[in-house]
Amino acid sequence: MITAIRGFNDILPGDSEIWRHIEESAYRIFSTYGFSEIKLPIVEKTELFLRSIGETTDIVEKEMYTFPDRHGDLLTLRPEGTASAVRAYIEHKLYTAPVTKLYYTGPMFRYERPQKGRYRQFYQIGAEVLGDDSPRADAEALEMLMRLFGRINLKGVTLQINSLGCPDCRPVYKEKLLNFLKDKTGELCENCVRRIDTNPLRALDCKSPGCIEATKNAPSIIESLCENCKTHFEKVQYYLKLSGLTPALNPRMVRGLDYYTKTTFEITAEGLGSQNTVAAGGRYDGLVSELGGPKTPCFGFAIGIERVALILKEEGIESRPLSVFISLGTEAEAKGVELVSGWREKGIRVVEEFSEGPLKNRMKRADRLGARYVIILGENELNSGVVAIKDMVAATQETLPWDKIAQRISAQ
RNA sequence: GUGGGCGUAGCUCAACGGUUAGAGUACAGGACUGUGACUCCUGGGGUUGGGGGUUCGAAACCCCUCGUCCACCCCA
């Protein structure tokens, strides 16, 4: 038997409806905030990710699917979407507009050990606001995201925010932190000691007991922000409050991509085990210019679709009722073709049960197909211009004229 | 990449190292030629994940491998 490769999953019926629900809700809501969809390629030149994500990040160092194509160019299956969105923004000179709001969805690829909520091919819905430095942009994007989670009824979500500063103040803080950590290297875990020079901030986020203890009194980045970053961060919180959001401040939150500046955030949910981040993102004011575009402040985020779907599946979502049509006899069969077609024109979700044999068996099949309603057209009904419609949940049955069926089913 | 748990029928799971690996459920048919879920009968289903080893004898014990789950790492 040929199976799918490790970490690459099929999304089967039963799950795919939940996915569609999430994606369609996102499109609808994002659109009301002025976002438009951009379709991006799944493969990019490796260099794009090296330069955007950062050469010393875990993603670039050990998680990318990279391969040479037939001409020997190094290509990579995208591990995230922001890099591509920014590349397209620059390539097509979208910066001539005052502000650009984009969203996209699709698979991302990272070579990691799969576990619950983490797969090698996984799906994200991403959104990027390009060309807006206002703290209102940060707050509005977060409001939009929380609105989506509210709309799809995602339970147990927590919003945490932080500010990572800018090229002016972050190095100052890094220096402070380094001084603090210098004489504590004995208490830090192996990992944190290794990256103390490349990325000392990681120690703040480390879960090993030694690191937690050692960094307990570490200086806070929020207190080291420059005037500009500080006001920005305060305003973001002010506007979030106006939107009715009260995020938890987490000065220890560090992101895995190098391009973030100022505001960063993370939304976690309950019931996912240790991979509990359902959405995350932040501001990246330097990325566009680093990739060769004009200086452009941006804010963006990504949602992990399978993680959201896992939670919604746990909670259960309602799906549209299915009707199964059964005709008895050649003449009823012929009339049925016309009737079923008419119901579908009206948007009724109806399948026909084609098998022959005793009605009892056909009812049984209809039940197993998941029918909410079974619509029966036999000789008696045909002659009177009606059908029998049975509600399989309520176990009630009524007789209705042909043109009342769509109305009856839609009424539910 | 590291550590641990688990792989037996489509699904959920039994089976002390010892007959022909079972049960529930699902599936096919019938009891029942116009009414599902409940009942009864019959039937098809298995390389016990794969490979090697120990043993008179392995689903079980050992090694390797693959898959899966959980955690670490990391992230969405």
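Naming: A, B, ... by sequence-line order, numbering from 1 per chain.
One interatomic measurement links the two molecules: NZ of A:Lys62 to C1' of B:U2, which rounds to 10 Å at whole-angstrom precision. At whole-Å resolution of the value, CG in A:Asn9 and P in B:G67 are 13 Å apart. Spacing between atom OH of A:Tyr119 and atom P of B:C75 amounts to 18 Å, rounded to whole angstrom units. The distance between atom CD of A:Glu112 and atom P of B:C72, rounded to the nearest whole Å, is 13 Å. As rounded to whole Å, 12 Å separates atom P of B:G34 from atom NZ of A:Lys360. Atom CG in A:Leu154 sits roughly 13 Å away from atom C1' in B:A76 (whole-Å rounding). Taking atom CZ on A:Arg120 and atom P on B:G1, their separation rounds to 8 Å, with Å as the unit. Rounded to an integer number of Å, the gap from CD of A:Gln275 to P of B:A76 is 11 Å.
For the pair A:Ile59/A:Met64, a side-chain contact is recorded, criterion being any heavy-atom separation below 4.5 Å from C-beta on.
Heavy atoms of A:Glu80 sit nowhere under 4.0 angstrom from any nucleic acid atom. Contacts of A:Ala366 with the nucleic acid, taken as non-hydrogen atoms under 4.0 Å apart, are absent. Nucleic acid contact for A:Asn361: sugar-phosphate only, since backbone atoms but no base atoms lie under 4.0 Å from a heavy atom of the residue. Nucleic acid contact for A:Ala395: base, since at least one base atom lies under 4.0 Å from a heavy atom of the residue. Contacts of A:Lys390 with the nucleic acid, taken as non-hydrogen atoms under 4.0 Å apart, include base atoms. Here A:Arg255 lies in heavy-atom contact (under 4.0 Å) with sugar-phosphate atoms only. The residue A:Leu257 sits close only to the backbone: its heavy atoms come under 4.0 Å of sugar-phosphate atoms, none of a base. When heavy atoms are screened at a 4.0 angstrom cut-off, A:Arg113 is found touching base atoms of the nucleic acid. Heavy atoms of A:Gly273 sit under 4.0 angstrom from primed sugar atoms or phosphate atoms, though from no base atom. In this structure, A:Glu266 reaches neither bases nor backbone, as no heavy-atom distance under 4.0 Å exists between it and the strands shown.
Along RNA chain B, the nucleotide nearest to A:Asn276 and the one nearest to A:Asp367 differ in position, and the one closer to the 5' end is contacted by A:Asp367. Place A:Val254 and A:Ala371 on RNA chain B by their nearest nucleotides, and A:Ala371 ends up nearer the 5' end.
A donor-acceptor contact under 3.5 Å is formed by the side chain of A:Arg118 with the base of B:C73. One can find a donor-acceptor pair under 3.5 Å joining the base of B:U35 and the side-chain atoms of A:Gln397. Donor-acceptor pairing under 3.5 Å, judged by distance alone, is present between the side chain of A:Glu381 and the base of B:G34. Remark: the A:Arg307 side chain and the B:C75 base include a donor-acceptor N/O pair separated by less than 3.5 Å.
With ring centers used as reference points, A:Tyr111 lies under 6.0 Å from A:Tyr65.
OP1 and OP2 of B:G67 both lie 4.0 Å or more from every side-chain N or O belonging to A:Thr3.
Distance check on atom P: B:G3 versus B:C63 gives 14 Å, rounded to whole Å. Comparing B:A21 with B:U33, their P atoms sit 38 Å apart, to the nearest whole Å. With C1' as the reference atom, B:U8 and B:G49 are 10 Å apart, rounded to whole Å.
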Dot-bracket encoding of pairs in RNA chain B, which uses [ ] for pseudoknotted crossings and | for another strand, Watson-Crick or G-U under 3.5 angstrom: (((((((..((((....[...)))).(((((.......))))).....(((((..]....))))))))))))....
Does the pair A:Lys390 and A:Glu398 meet the rule for a salt bridge (Lys or Arg N to Asp or Glu O under 4.0 Å), with working shown? CA-CA 6 Å; A:Lys390 178 161 189 176; A:Glu398 53 194 315; over 6 Å; no
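Checking side-chain atoms of A:Thr277 against main-chain N and O of A:Ala279 turns up no donor-acceptor pair under 3.5 Å.
The salt bridge (Lys or Arg N to Asp or Glu O under 4.0 Å) test with A:Glu44 singles out one residue from A:Arg78, A:Arg87, A:Arg51, and that residue is A:Arg87.
Residues forming a salt bridge (charged side-chain N to carboxylate O under 4.0 Å, His left out) with A:Glu338 (at least two apart in sequence, or on another chain): A:Lys335.
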Donor-acceptor list for residues 27-34 of chain A side chains, cut-off 3.5 Å, not counting sequence neighbours:
from    : atom 1 : to       : atom 2 : distance (Å)
A:Thr32 : OG1    : A:Ile29  : O      : 2.6
A:Tyr33 : OH     : A:Glu143 : OE2    : 2.4
A:Tyr33 : OH     : A:Arg147 : NE     : 2.7
A:Tyr33 : OH     : A:Arg147 : NH2    : 3.3

